[in-house]
Structure formats: structure tokens, C-alpha cells
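Quick notes on the structure that follows.
Counting starts at 1 for both ligands and their atoms, following the listed order. Each residue takes its place number in the sequence, starting with 1.
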Amino acid sequence: MSGFKELVFSGVQPTGNLHLGNYLGAVRRFVTLQETHDCIYCVVDLHAITATLSQPDLAAQTREVTAAFLAAGIDPKRHIVFNQSQVPGHAELTWIFNCVARIGWLNRMTQFKEKAGKDRENASVGLYDYPCLMAADILLYRATHVPVGEDQKQHLELTRDIAIKFNNDFAEKIAARGHGEGYFPVTEPLIGGPAARVMSLRDGTKKMSKSDPSDYSRINLTDDADAIAQKVRKAKTDPEPLPSEEAGLAKRPEAENLVGIYAGLSDTTPAEVLRDFGGAQFSAFKSALVDLAVAKLGPIGAEMARLVKDPGHIDSVLADGSARAAAIAERTIADVKDIVGLIRRG
Ligand code: AQP
């Protein structure tokens with residue numbers, strides 16, 4: 001990756017019901033990374049319309065995700081926080097990447113298969129093209145590192161493939177312009193930790209997800225203490241007490257999930273959690289988990305509620321971030337048009 005300045009980029013869709021999985025898998029790590037890297041965090045509203053174009057209140061959902069970023073501790077002055085649709089370069093670069101990516105690559109994307117379901121012929125072209133838009137989001141800023149949950153791993157591999165193919169297809173022109181390492185970095189995914197894949201509270205084999213019809217499947221960042229307590233107490237478990245070693249979690253997906261959540265929220269590891277709770281019944285463990293989740297998420301939810309009452313402030317944060325993002329994006333788009341051979345306005 002030498003030759004490229006380290007830069008972190010990631011995004012979250014404003015599709016409502018921001019949950020513990022989004023927090024532990026992504027947002028909380030965004031907060032940590034801002035201490036060591038320049039970061040760009042994007043509310044990806046163009047992605048949010050790929051599954052359903054008509055949303056009840058996309059603007060309010062966009063402000064809510066922004067509020068979650070700020071409430072979690074992201075500093076929009078030191079870093080960039082903005083919404084995707086305010087920077088036209090995302091859509092422009094997507095078109096170029098549509099001409100780089102191969103149909104065979106997109107046909108392998110499992111998220112499209114899951115989200116389109118059986119009625120694939122009726123899914124939007126946008127949903128199919130989602131991975132090219134995601135590649136454009138990242139590479140528009142020539143970002144080197146992308147913190148995401150495990151579900152996004154395949155999309156990041158596609159982003160790497162697009163960068164490599166673009167760099168190869170235009171290798172001579174790119175080198176002639178002084179980019180000996182290639183124009184786009186081959187982005188490193190940052191995936192990991194005990195909560196890289198938080199599972200549903202109702203089914204330990206299914207990802208915790210905004211679109212799960214059961215609200216009991218997830219802890220929303222806006223849930224109050226009572227809702228968190230109820231959801232954790234009702235979370236599916238098995239009749240055995242907790243094991244003392246991680247190996248004992250094998251084939252116990254619900255137990256593994258709750259232990260992973262505890263480890264994620266307490267910044268420890270599943271092994272450490274089991275050292276403390278090995279042999280405990282779920283009732284005792286769930287009480288401790290409720291206390292921990294309320295202590296960690298309560299202040300974030302309260303701050304989100306305060307922030308969304310002032311949409312003008314949130315919009316000004318997004319406008320400022322969008323202007324700074326657009327300045328970087330315009331340089332990339334100018335370079336890419338030049339490399340591809342498109343004549344642009346002088
Ligand atoms: N269950 C999860 N565990 C860990 N990380 C997760 N992420 C999502 N779900 C989990 C991570 O959160 C970031 C933002 O996700 P997104 O808004 O792009 O949407 P998504 O991945 O499609 O998440 P959802 O919540 O499951 O939405 P729906 O229901 O609409 O599909 C990403 O980094 C993601 O990995």
C-alpha cells in the first residue's frame with residue numbers, strides 16, 4: 001500500500017433501525033480509527049434506495065444515522081461526515097466502474113442473492129449494481145482502509161478487483177501521470193473482533209439486521225433501557241449453562257452471539273467473558289448483559305434523541321462535510337476522466 005496516504009472510508013445506509021450490529025461492527029470502530037487516521041464517514045443514501053426507492057422519510061433517516069455518528073463520538077471537524085448524494089462523484093465514478101466490473105463478478109455477490117430473494121427478475125438494477133457504487137464510494141477518495149462488518153467482505157473483494165483491473169487496463173497512462181503504484185489503492189478491509197458479525201437475538205444463525213421484521217431480533221440504538229432489558233431477556237438461548245472455554249460455544253449459536261456481544265461491548269474477548277461467567281445460568285448472564293448494554297448504549301441513544309431535535313445543525317454538519325468531500329472527489333473524477341480519455345470541461 002506504500003505510495004498511498006492512509007485514509008479510512010466507510011458508510012452506513014440510512015434504512016432505519018440502526019442496531020447493535022451496525023454499532024459494534026462499524027460505528028464504534030469508526031470512533032477508534034479517528035485517533036490514528038484521517039477518516040471519511042458517509043451516510044450512503046444512494047445505497048438506501050437500491051432496495052426500495054420510495055422510503056417513508058429518507059431525509060429523517062439520513063439525519064438519524066448522522067446523529068448516531070456524532071453521538072458515538074465521531075468528530076466532524078477533524079474528519080469528514082457527509083451524505084453520499086450531495087457529492088455527484090459517487091454516481092459518476094460508479095458509471096466508469098460499471099464498465100470495469102464484469103457481469104460474472106456481480107453474479108457471484110451473495111448479498112444480492114439474499115436481498116433479491118426468489119423474485120430476482122423484479123429486483124432493481126440499482127440493487128444489482130450496489131457493489132460498484134460501494135467501490136466508487138471508497139475509491140473516489142482513494143481510501144486505503146475500510147472498517148466494515150463481516151457481511152461486507154465480498155463487496156470489498158470486488159472493490160479490490162475493480163481497482164486492480166482499472167490500474168492494469170490503464171497502466172501506461174497511469175504511470176505516465178506519475179502514479180507508479182497504480183491510480184487506485186488496493187483497499188484493505190478492517191474486519192474483526194468478537195462482534196464483526198452480530199447475530200439476531202431470535203435466531204443465532206441469522207445476521208442482526210435493520211430489515212428483520214421482528215424488532216425483538218435486534219437492539220436499536222434508539223431503544224431505551226426497558227426495551228433493551230426486554231429484548232435481552234427474551235433473547236433465544238439453550239438450556240445449558242455457559243461453558244468455561246470458547247470451544248464449548250461450538251454449535252451453540254445463540255450462546256456464542258450473546259457472549260460475543262458482551263465481549264464487544266466490554267472491549268474484552270469471548271475467552272475473558274467465559275472466564276467470568278463460565279458455569280453461570282443464562283438468567284444471571286443476561287442480567288449482567290442488560291446492565292452493560294444500557295450503560296454503553298443509553299448515553300448514545302439519549303444524545304441521538306437530543307441531536308435529531310435540531311435538524312438544522314445536522315444539515316449544516318452534512319453540508320460542511322459534503323463540500324470537503326466534493327473537493328477531494330472532483331480531483332479524482334478529473335484524473336479518471338483524463339486517464340480514460342474523456343474530454344472534460346476545462
Ligand atoms: N449484524 C451485524 N454485525 C456486524 N456488523 C454489521 N453491519 C451490519 N449488520 C451487522 C455493518 O454495519 C455497517 C453498515 O451496514 P449497512 O447500513 O451498510 O447495511 P447492511 O450491512 O445491509 O446492514 P443491515 O443492518 O443488515 O441492513 P439491511 O437489513 O438493510 O440489510 C456495515 O459495515 C455492515 O457490515
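Proximity of a side-chain donor or acceptor of E272 to a complementary backbone N or O of T269 within less than 3.5 Å is detected. No donor-acceptor pair under 3.5 Å is formed between the side chain of E92 and the backbone N or O of I333. Between the side chain of Q86 and the backbone N or O of G321 there is no donor-acceptor pair closer than 3.5 Å.
Considering backbone and side-chain N/O atoms, A195 never comes within less than 3.5 Å of an N/O atom of ligand 1. At a 3.5 angstrom cut-off on N or O pairs, S209 counts as close to ligand 1. Considering backbone and side-chain atoms alike, Q111 places every N or O at 3.5 Å or more from each N or O of ligand 1. In terms of polar-atom proximity, M208 is counted as a contact of ligand 1, with an N or O under 3.5 Å from an N or O of the ligand. The shortest N/O to N/O separation between S211 and ligand 1 falls below 3.5 Å. Taking only nitrogen or oxygen atoms, main chain and side chain alike, G149 reaches within less than 3.5 Å of ligand 1. On a distance-only criterion, E150 and ligand 1 share no N/O pair closer than 3.5 Å. Taking distance alone, with nitrogen or oxygen atoms compared against 3.5 Å, P147 stays at or beyond that limit from ligand 1.
By the criterion of a heavy-atom distance under 4.0 Å, the side chain of D151, and not its backbone, is placed next to ligand 1. Contact annotation for A26 and ligand 1: only side-chain heavy atoms (C-beta onward) come within less than 4.0 Å of the ligand.
Atom CD of E245 has 12 or fewer heavy atoms from other residues, nucleotides or ligands within 6.0 Å. Heavy atoms from other residues, nucleotides or ligands lying under 6.0 Å from NZ of K153 number 12 at most. By the neighbour-count criterion of 12 heavy atoms within 6.0 Å, atom CD of E35 is densely surrounded, having more than that number from other residues, nucleotides or ligands. When the shell of 6.0 Å around CD1 of I103 is examined, it contains 12 or fewer heavy atoms from other residues, nucleotides or ligands.
Comment: D315 engages R63 in a salt bridge, judged by a side-chain N to carboxylate O separation of less than 4.0 angstrom. Between E157 and R160 there is no salt bridge, since none of the side-chain N atoms of the basic residue sits less than 4.0 Å from a carboxylate O of the acidic one.
Not a single heavy atom of P14 sits less than 4.0 Å from an atom of ligand 1. Contact between K115 and ligand 1 is present, with at least one heavy atom of the residue lying under 4.0 Å from the ligand.
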From CA spacing to verdict: ring-ring contact (aromatic ring centres under 6.0 Å, His included), H90, Y141: CA-CA 10 Å; H90 291 259; Y141 305 98; 5.6 Å; yes
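Residue, atom and distance of the protein heavy atom nearest to atom 4 (C) of ligand 1 are A196 O, 3.2 Å. Looking only at protein heavy atoms, the nearest one to atom 25 (O) of ligand 1 is H19 NE2, 2.7 Å. Looking only at protein heavy atoms, the nearest one to atom 1 (N) of ligand 1 is V198 O, 2.7 Å. Given atom 5 (N) of ligand 1, the protein heavy atom at minimum distance is G21 O, 3.2 Å. Residue, atom and distance of the protein heavy atom nearest to atom 17 (O) of ligand 1 are K210 NZ, 2.5 Å. When only non-hydrogen protein atoms are considered, atom 8 (C) of ligand 1 lies nearest to N22 ND2, 3.2 Å.
Residue V12 approaches ligand 1 through these ligand atoms, each under 4.0 Å from one of its heavy atoms: 14 (C), 17 (O). Taking a cut-off of under 4.0 Å to the non-hydrogen atoms of G25, the atoms of ligand 1 that pass are 4 (C), 5 (N).
In this structure, a donor-acceptor pair under 3.5 Å is absent between the side chains of Q13 and H47.
The side-chain heavy atoms of N83 and T66, taken from C-beta on, include no pair separated by under 4.5 Å.
Here atom 24 (P) of ligand 1 lies nearest to K207 when heavy atoms of Q13, K207, R218 are compared.
Shown are K236, Q230, K234, R202; of these, the side chain to side chain donor-acceptor pair (under 3.5 Å) with Y216 is made only by Q230.
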